[in-house]
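Here is the structure we will look at, set down as structure tokens.
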Amino acid sequence: MQTEQIVRITRRRVADLVKSRERSEDAVLFTGDEKRRNRRWPFPGAAELSLADGDGRKRWFATCGNLSFGGLGIITDRHFSPGTVLDISCHLPELTMVGRVTVLHCRPAGKGFLTGVRFDFDE
């Protein structure tokens, strides 16, 4: 991957990703009892996490599950308390997005934790 393919997470980039998934042939919305403001789209990929106030040497890995305009649903190996602020790198085939997120919820799911995070946009 070239360094120009590593970009900050911005509202515009997230909107472009959501729009590209809306146009995809396999676009399938998550269904069920929704309390969210934004629709979620399947978003397979990998993510790296570290504490925002840490030195970046301690990292955890996550699997991305879904994407919305407001944040991500990820599967983590460890529990994060709601309100925890994390630095995140989302690795996709076309680019890597880096930025900051805040944990909204984290609950057991199989062998890991279903973790919902909100994007903390700089702009």
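Nothing fancy with the numbering, it's 1 onward along the sequence.
- In terms of heavy atoms, F119 sits closest to V14 at CE1-CG2, 3.8 Å.
- The CG atom of L51 sits 10.5 Å away from atom CZ of R59, with the distance rounded to the nearest 0.5 Å.
- Residues T84 and S81 share a closest heavy-atom pair of OG1-O, 2.6 Å.
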Determine, step by step, whether D120 and V85 satisfy the side-chain contact (heavy atoms from CB on, under 4.5 Å) criterion, reporting the C-alpha distance in whole Å, the side-chain angles of both residues, the deciding distance to 0.1 Å, and the verdict. CA-CA 9 Å; D120 296 338; V85 179; 4.2 Å; yes

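- Here the shortest heavy-atom pairing between L92 and P44 reads CD2-O, 4.0 Å.
- A cation-pi contact, defined as under 6.0 Å to the ring centre and within 45° of the axis, links R78 to F80.
- F121 and F69 fall within a single hydrophobic cluster, where Ile, Leu, Val, Met, Phe, Trp and Tyr side chains are chained together by heavy-atom contacts under 4.5 Å.
- Between S50 and the options D87, L86, D55, a side-chain contact (heavy atoms from CB on, under 4.5 Å) holds for only D87.
- Under a hydrophobic-cluster definition in which Ile, Leu, Val, Met, Phe, Trp and Tyr are linked whenever side-chain heavy atoms come within less than 4.5 Å, directly or via other members, L49 and L104 are assigned to different clusters.
- One hydrophobic cluster holds both L72 and L95 under the rule that ILVMFWY side chains link at heavy-atom gaps under 4.5 Å.
- Taking both residues in full, the closest heavy atoms of P82 and H105 are given as CG-CA, 4.4 Å, listed atom of the first, atom of the second, then distance.
- For the salt bridge (Lys or Arg N to Asp or Glu O under 4.0 Å) test, no residue two or more places apart in sequence or in another chain qualifies with R13.
- Taking both residues in full, the closest heavy atoms of F61 and E48 are given as CE2-CG, 3.5 Å, listed atom of the first, atom of the second, then distance.
- The side-chain contact (heavy atoms from CB on, under 4.5 Å) test with V98 singles out one residue from I9, V7, I6, and that residue is I6.
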For side-chain contact (heavy atoms from CB on, under 4.5 Å), just list the numbers for I88 and R100, CA-CA rounded to whole Å, side-chain angles, deciding distance to a tenth of an Å, and then say yes or no. CA-CA 6 Å; I88 189 168; R100 194 158 274 178; over 6 Å; no

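- Among all heavy-atom pairs drawn from I74 and C64, the shortest one is CG2-CA, 4.0 Å.
- In this structure, CE on M97 lies 8.0 Å from OG1 on T10, to the nearest 0.5 angstrom.
- In this structure, a donor-acceptor pair under 3.5 Å is present between the side chains of T115 and T76.
- Taken to the nearest 0.5 Å, the CG atom of L114 stands 8.0 Å off from the CG atom of N66.
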